[in-house]
Amino acid sequence: MNSKNLRLIKQLKLSLVYKILAIATSFLLVRIMLQYLGVEQYGIWSFILSLLNFIIFFDLGIANGVKNKVAECLSDNNVLEAQKYISTGYFILSVLGVVAYIVFYVLSQFVDWQSVFNTAEHSNEYLTAVVLIVFLFVVVNLILTVSIAVFNAKEKSSFIV
């Protein structure tokens, strides 16, 4: 076998191990979070995270484009050009993220979050703050999808969990 096939097999094995660990950790976290938060608060958090993680799919293909161009540049040993694509990807996603956060911040002030989550346990101000904080982390995660694209372009996909 050549070195590229060995590297591929190694990445597949590592990826399998990391995915199994991620699944096991998720099961443990659900159990711990249910005990710690209770059913209603866990439901609120699950809803928020599920809804806001949807945003990651709206990177308009930028991360995938970065991955393709970086892989192309690295195959041609053009590291400087690859760095330009990476920084451009970060810049574009950062601008999109900041604009999305500002729009979401303004619109969230008009939403009755108690009705959305069907709860009276927490005030609307508390729920608004929670949603805005979670949305901030989702935007940061969106920006960091460029890092995932770079790992994929460098054939280091086992590091992605």
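Since we're looking at a predicted model, the values are computed, not measured.
Taking all atoms of both residues into account, the shortest heavy-atom contact from His122 to Gln114 is O-NE2, 2.6 Å. The shortest heavy-atom contact between Thr128 and Ser108 is CG2-OG, 4.1 Å. Nearest heavy atoms, Thr25 versus Leu21: OG1-O, 2.7 Å. Heavy atoms only, all atoms of each residue included: Val146 and Ile86 are closest at CG1-O, 3.9 Å. Nearest heavy-atom pair, Leu96 versus Ile62, reported as atom, atom and distance to 0.1 Å: CD1-CD1, 3.8 Å. Between Tyr85 and Val66, the shortest heavy-atom contact is O-CG2, 3.8 Å.
Side-chain atoms of Thr88 and Lys69, non-hydrogen and from C-beta on, never get closer than 4.5 Å to each other. You'll find the side chain of Leu16 stays beyond 4.5 Å of the side chain of Leu12, heavy atoms only. In this structure, the side chains of Asn78 and Leu80 come closer than 4.5 Å at one or more pairs of heavy atoms. Side-chain contact between Val130 and Trp113: absent, with no pair of heavy atoms (C-beta onward) separated by less than 4.5 Å.
Remark: Asp112 CG is packed, more than 12 non-hydrogen atoms of other residues, nucleotides or ligands lying under 6.0 Å away.
In this pair, Phe47 and Phe117 present their aromatic rings perpendicular. The plane angle is above 60°, beyond the 30 to 60° band.
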